[in-house]
Amino acid sequence: SQTAISYEKCKETADWLLAQTTLRPLVAVVCGSGLGGLGDSLKDAVAFNYQDIPNFPQSTVHGHAGRLVFGKLKGRPCVCMQGRFHLYEGYPIQKITAPMRIFKLLGVKTVILTNAAGGLNEKYKVGDVMIIKDHINMPGFAGCNPLMGPNDERFGTRFPCMSDAYDRELRQLARHVGDELGFGDFMHEGVYCVLGGPSFETIAECRMLRRLGADAVGMSTVHEAIVARHCGLRVFALSLITNQAVMDYDSEEKANHQEVLQTGKVRSEQLASLVSTMVMSMKHDSGDM
Ligand SMILES: Nc1nc2ncn(CCNC(CO)CO)c2c(=O)[nH]1
C-alpha cells in the first residue's frame, strides 16, 4: 500500500528534531549493513533512537542500530542514519524513503548513501568499494516506486529526471579522495541494481542482471536516491562489495548475511575516512554543499 508520508508528517518530525539540537546538518549519511561505525566517528554527537523520533520507522535488521546521530565530521555539521529501512522488512516504500524528505526539511543539501552489495562484475573482489554511477530499479519496473500516488509539489515535480541521479562532481571527488587515501586499487565505479529481497538472488538472476549491465546487486539505496533527487538533494552513493554473487551452477558459494557484516567491519574505518574526507572537501562557498 502506498501509505503516503505527508509533507505535514515529515515537517512535524523535522521540527521536532530541529527543536532537540542546535546542529544544522548540510550533509546526511545513510549507513548500510555493518557500516554503522561511520556514525560513531561524529564529534559533539547528539543521538536519537528511531523509536523516540515521531513518525520514524524502526530498524529490524541485525547490523542496523536504529539511531539518528547529529554531529560533526571534520568540523562539518552532519546527520547520520545508523540503520536504514528495506522493502523486505515489510515497510511501505514511502516509509523507507521518508527520512530523505525529513533531511530536506532539516536543510540538508547532500545525501551520502552507503550499502553492502553483492558483486556481479567479475573484476570485483570481496571488500572492494563501488561508487554508484547509475542504478537499475527492478522493483520500479513492477510499479514499486516511492513516488507512486499523488505528487506533492512542495517536495518536487511529478515526473523527475533520473539520468543525473548520482552527482558527477561528487563521484569525481570520491575518486580523487580515494586515490589520495591510497584506496585506488579497490575502488570501482558501476551500476547498482536493487531487488526486493529478503532472499538473495538465484544464479539465473545474477547472470541475467549481469547481462543487463549491473555491476552490483543489493536490496536498498535506490528508493532513497529517487526520493532524494525528487526533492532536490544532491546524491552520492557507494556499495561495499561483501560477496561475489554466485554465477555458475557448480559453485559451492552461498551468500549469507554474516559474511556481509564481517566484510563491513574490515572496511568500515576506511569508508569512514573516505566519506569524512569527502564531506570536508565538499564545496561550501556557493552554499549548495
Ligand atoms: N549476493 C548478494 N550479496 C549481498 N551483500 C549484501 N547485499 C545486500 C542485501 N543485504 C541484506 C542481507 O545481507 C541486508 O540488508 C547483497 C545482496 O543483495 N546479494
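Remember, it's 1-based here, ligands and their atoms both numbered in the order they're listed.
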Proximal candidate to [atom] [heavy atom criterion; set [options]]:
| atom | options | value |
| --- | --- | --- |
| atom 18 (O) of ligand 1 | Ser220, Gly119, Gly218 | Gly218 |
| atom 17 (C) of ligand 1 | Val217, Leu120, Asn256, Asn243 | Val217 |
| atom 1 (N) of ligand 1 | Glu201, Gln244, Arg84, His86 | Glu201 |

Query raised in the report: Is any NZ, NE, NH1 or NH2 atom of the basic residue among Glu153 and Arg158 found under 4.0 Å from an Asp or Glu carboxylate oxygen of the other?
Result: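 Between Arg158 and Glu153 there is no salt bridge, as every charged N stays at least 4.0 Å from the carboxylate O atoms.
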Query raised in the report: Can we say Glu8 and Arg154 salt-bridge, meaning some charged N sits less than 4.0 Å from an Asp/Glu carboxylate O?
Result: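 Yes, this pair counts.
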**Report entry** Atom indices of ligand 1, in the order listed, that fall short of 4.0 Å to a heavy atom of Gly118
**Finding:** 1 (N), 2 (C), 3 (N), 4 (C), 5 (N), 16 (C)
Report task. Would you list the pairs meeting ring-ring contact (aromatic ring centres under 6.0 Å, His included) in which at least one residue belongs to residues 154-199, sequence neighbours left out? Result -> Tyr7-Phe155, Tyr124-His188, His135-Tyr166, Phe183-Phe186
Please table the atom pairs, donor to acceptor, closer than 3.5 Å between any side-chain atom in residues 21-30 and protein atoms at least two apart or in another chain.
unit_1	atom_1	unit_2	atom_2	d
Thr21	OG1	Leu23	N	3.0
Arg24	NH1	Thr21	O	2.8
Arg24	NH2	Leu18	O	3.1

